[in-house]
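Below is one structure; the comments refer to it alone.
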Amino acid sequence: MKVLVVDDHAFIRRSLGVMLRGLGYADILEAENGEQALTLMRAHPGQIDIVFCDLMMPGRDGIETLRDVVENAPKAAVVLMSGEDERVLGAAGDLAVSHGLRVLGTLAKPITADQVRGLLTRAARPEAHRPKRAAFDVEPADLARGIAAGEIFPVYQPKVSLDGGAFVGVEALARWRHPTLGLVPPDAFIPLAEAHGLICGLTDQVLHQSIAQCGVWHAKGLVLDVSVNVSGEDFVRLDLPEDILAQARGAGIEPARVVLEVTESRIANDPTALLDITARLRLKGFGLSIDDFGTGFSSMAQLRRLPFTELKIDRQFVGGALTSDASRSILESSVDLARKLKLTVAVEGVETRAEWDLVAALGCDLAQGYFIGRPMPGAEIVAWAAGWRARPD
Ligand code: C2E
Ligand code: CA
Ligand code: CA
């Protein structure tokens with residue numbers, strides 16, 4: 001493995017060199033500025049495996065050096081280093097990813113040997129940190145056919161109470177069982193459905209199956225809320241509340257058991273219809289959750305305008321809260337805001353015990369995530385519930 005260390009501080013280059021050699025990396029190139037780095041990359045075309053790059057350097061800065069890496073060493077994995085604000089590091093990391101570079105991580109100075117070891121362990125797992133690519137290329141006409149043919153179905157991810165751990169509900173997540181492509185994930189077809197006027201038909205199918213499934217669980221004594229994702233474009237059908245009410249009655253479940261998760265989507269919707277429909281959904285007793293809270297699509301203005309019952313904090317803030325002060329502050333403030341507005345606080349993306357403990361300590365109400373359970377077919381939920389009750393702390 002050939003490693004390039006770019007930093008204007010001789011001390012950093014030296015101590016990083018010592019750490020790297022201690023970890024078995026003997027082939028180390030050093031540059032004290034961006035110009036030298038560029039020269040070295042050109043002198044070793046296609047041979048550099050890892051670049052440690054400082055952001056703040058006189059002359060060419062780290063951001064410019066990233067562009068040089070793209071041009072001259074595109075296969076290299078990068079580690080960004082800075083004594084600056086962690087958000088500058090985060091932004092530079094995002095930039096590197098959007099350049100198509102493989103980012104092993106960022107190091108806030110002072111750098112410790114443990115941090116470096118942690119990052120390089122990741123380097124050994126090549127796939128782990130590649131940005132996920134949608135491997136499915138689907139045509140709108142095919143999607144329209146699939147919806148009509150009933151190929152869309154929900155899987156269900158458990159939501160549990162952080163206070164006591166009771167299993168209280170599920171989120172329905174759409175999947176497409178495609179005749180030739182196999183199981184297609186929602187990222188590959190929801191945006192397409194939204195862009196081609198197909199989302200209403202899709203939402204109908206997910207809602208219908210989820211409400212019916214909820215009725216089946218109730219009949220077995222498992223009383224669960226079911227949350228269904230709806231897009232902005234779904235809020236053009238003025239009969240949506242009546243339609244869902246009829247379905248809930250048909251399945252024998254109370255309206256309060258059905259929660260609609262709303263994300264303001266990319267296409268502007270009719271604000272009058274949105275207000276009309278959300279107000280009537282609430283009047284009929286349905287729950288209304290503001291999804292992905294904290295992201296660009298879910299804003300304070302929406303919170304003020306619409307009669308939400310639940311605030312669902314986006315998983316990036318949960319995942320980031322243990323390592324980033326900024327994420328943690330956003331998480332804490334969101335919980336505080338939800339409390340003041342008397343909303344239920346749900347968090348998604350809880351992946352570890354440490355994250356569970358943190359969100360519980362912050363006073364969140366409901367948690368969802370891989371630490372608790374993965375999305376699964378409806379038929380597996382009853383067995384999962386029994387296992388969850390039996391699970392030791
Ligand atoms: P979302 O509403 O934010 O749903 C949560 C997503 O996070 C799900 O991805 C879920 O599988 C994933 N997830 C759950 N726990 C964890 C965790 O611990 N770690 C991580 N990294 N991820 C976790 P999924 O099923 O791929 O859905 C992606 C998105 O597609 C959803 O994001 C939602 O925006 C959209 N979507 C799914 N089903 C529907 C639907 O029926 N209608 C609409 N309009 N959108 C849907
Ligand atoms: Ca959701
Ligand atoms: Ca989300």
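Please read all numbers here as calculations on a predicted model, not as lab measurements. First listed ligand is number 1; within each ligand, the first listed atom is number 1.
A salt bridge links Lys2 and Asp27; the closest N-O separation between the charged side-chain nitrogens and carboxylate oxygens is under 4.0 Å. Contact check on Glu71 versus Arg67 returns no salt bridge, with no Lys/Arg side-chain nitrogen under 4.0 Å from an Asp/Glu carboxylate oxygen. Ionic pairing of Glu348 and Lys159 is not present here: no N-O contact between side-chain nitrogen and carboxylate oxygen is shorter than 4.0 angstrom.
Under the side chain to side chain contact (heavy atoms under 4.5 Å, CB included) test applied with Phe52, the options Leu4, Leu80, Leu107, Ile111 reduce to a single match, Leu107.
Residue Val206 touches ligand 1 through its side chain alone, judged by heavy-atom distances below 4.0 Å. Within the 4.0 Å heavy-atom criterion, the part of Glu171 lying near ligand 1 is the side chain and not the backbone. Under 4.0 angstrom from ligand 1, the non-hydrogen atoms of Pro186 all belong to its side chain. Contact annotation: for Asp291 versus ligand 1, heavy atoms closer than 4.0 Å belong to the side chain alone. The proximity of Arg175 to ligand 1, defined as any non-hydrogen pair under 4.0 Å, is limited to the side chain. The residue Arg374 has no part lying near ligand 1, judged by heavy-atom distances below 4.0 Å. Residue contacts with ligand 1 for Asp187 involve side-chain atoms from C-beta outward but no N, CA, C or O (heavy atoms, distance under 4.0 Å). Only the side chain of Ile190 comes within 4.0 Å of ligand 1, judged by heavy-atom distances. With a 4.0 Å cut-off on non-hydrogen atoms, Asp234 does not touch ligand 1 at all.
Minimum-distance N/O/S atom of Glu261 relative to the Ca ion (ligand 2): OE1. Atom OD2 is the N/O/S atom of Asp291 found closest to the Ca ion (ligand 2).
Vertex the Ca ion (ligand 2); arms to Asn229 OD1 and Glu171 OE2; angle rounded to 10 degrees, 80°.
In this structure, Glu348 has a heavy atom closer than 4.0 Å to ligand 1. The closest approach between Thr203 and ligand 1 stays at or above 4.0 Å for every heavy atom of the residue.
A chain of hydrophobic side-chain contacts below 4.5 Å, direct or via other Ile, Leu, Val, Met, Phe, Trp or Tyr residues, connects Leu23 to Met81.
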Quick one: do Glu171 and Asn229 satisfy side chain to side chain donor-acceptor pair (under 3.5 Å)? Show the steps, please. CA-CA 8 Å; Glu171 176 176 5; Asn229 293 284; 2.8 Å; yes
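Between the side chains of Asp234 and Thr203, at least one donor N or O sits under 3.5 Å from an acceptor N or O. A donor atom on one side chain and an acceptor atom on the other are not found under 3.5 Å apart for Gln316 and Thr295.
Residue-to-ligand polar distances keep Glu194 apart from ligand 1: every N/O pair is separated by 3.5 Å or more. In terms of polar-atom proximity, Ala174 is counted as a contact of ligand 1, with an N or O under 3.5 Å from an N or O of the ligand.
Atom CE of Met56 is surrounded by 12 or fewer heavy atoms from other residues, nucleotides or ligands within 6.0 Å.
Nearest to atom 42 (N) of ligand 1 by heavy atom, out of Val318, Asn229, Val228, is Asn229. When the heavy-atom distances from atom 20 (C) of ligand 1 to Glu261, Gln316, Glu351, Gln205 are ranked, the shortest goes to Glu351.
For ligand 1, the atoms sitting less than 4.0 Å from at least one non-hydrogen atom of Pro375 are 11 (O), numbered in the order shown with element in parentheses. Using a 4.0 Å cut-off to heavy atoms of Asp292, the atoms of ligand 1 that qualify are 3 (O). Of all the atoms in ligand 1, the ones that sit under 4.0 Å from a non-hydrogen atom of Gly349 are 16 (C), 17 (C), 18 (O).
Between Met41 atom CE and Thr65 atom OG1 the span is 6.0 Å, to the nearest 0.5 Å.
For Arg374 and Tyr370, the positive end sits near the middle of the six-membered ring, less than 6.0 Å away and at most 45° from its axis. Cation-pi contact between Arg391 and Phe371: present, with separation from the ring centre below 6.0 Å and deviation from the ring axis of at most 45°.
Note on ring orientation: taking the six-membered ring where Trp is involved, the planes of Trp176 and His178 are perpendicular (angle over 60°, cut-offs 30° and 60°).
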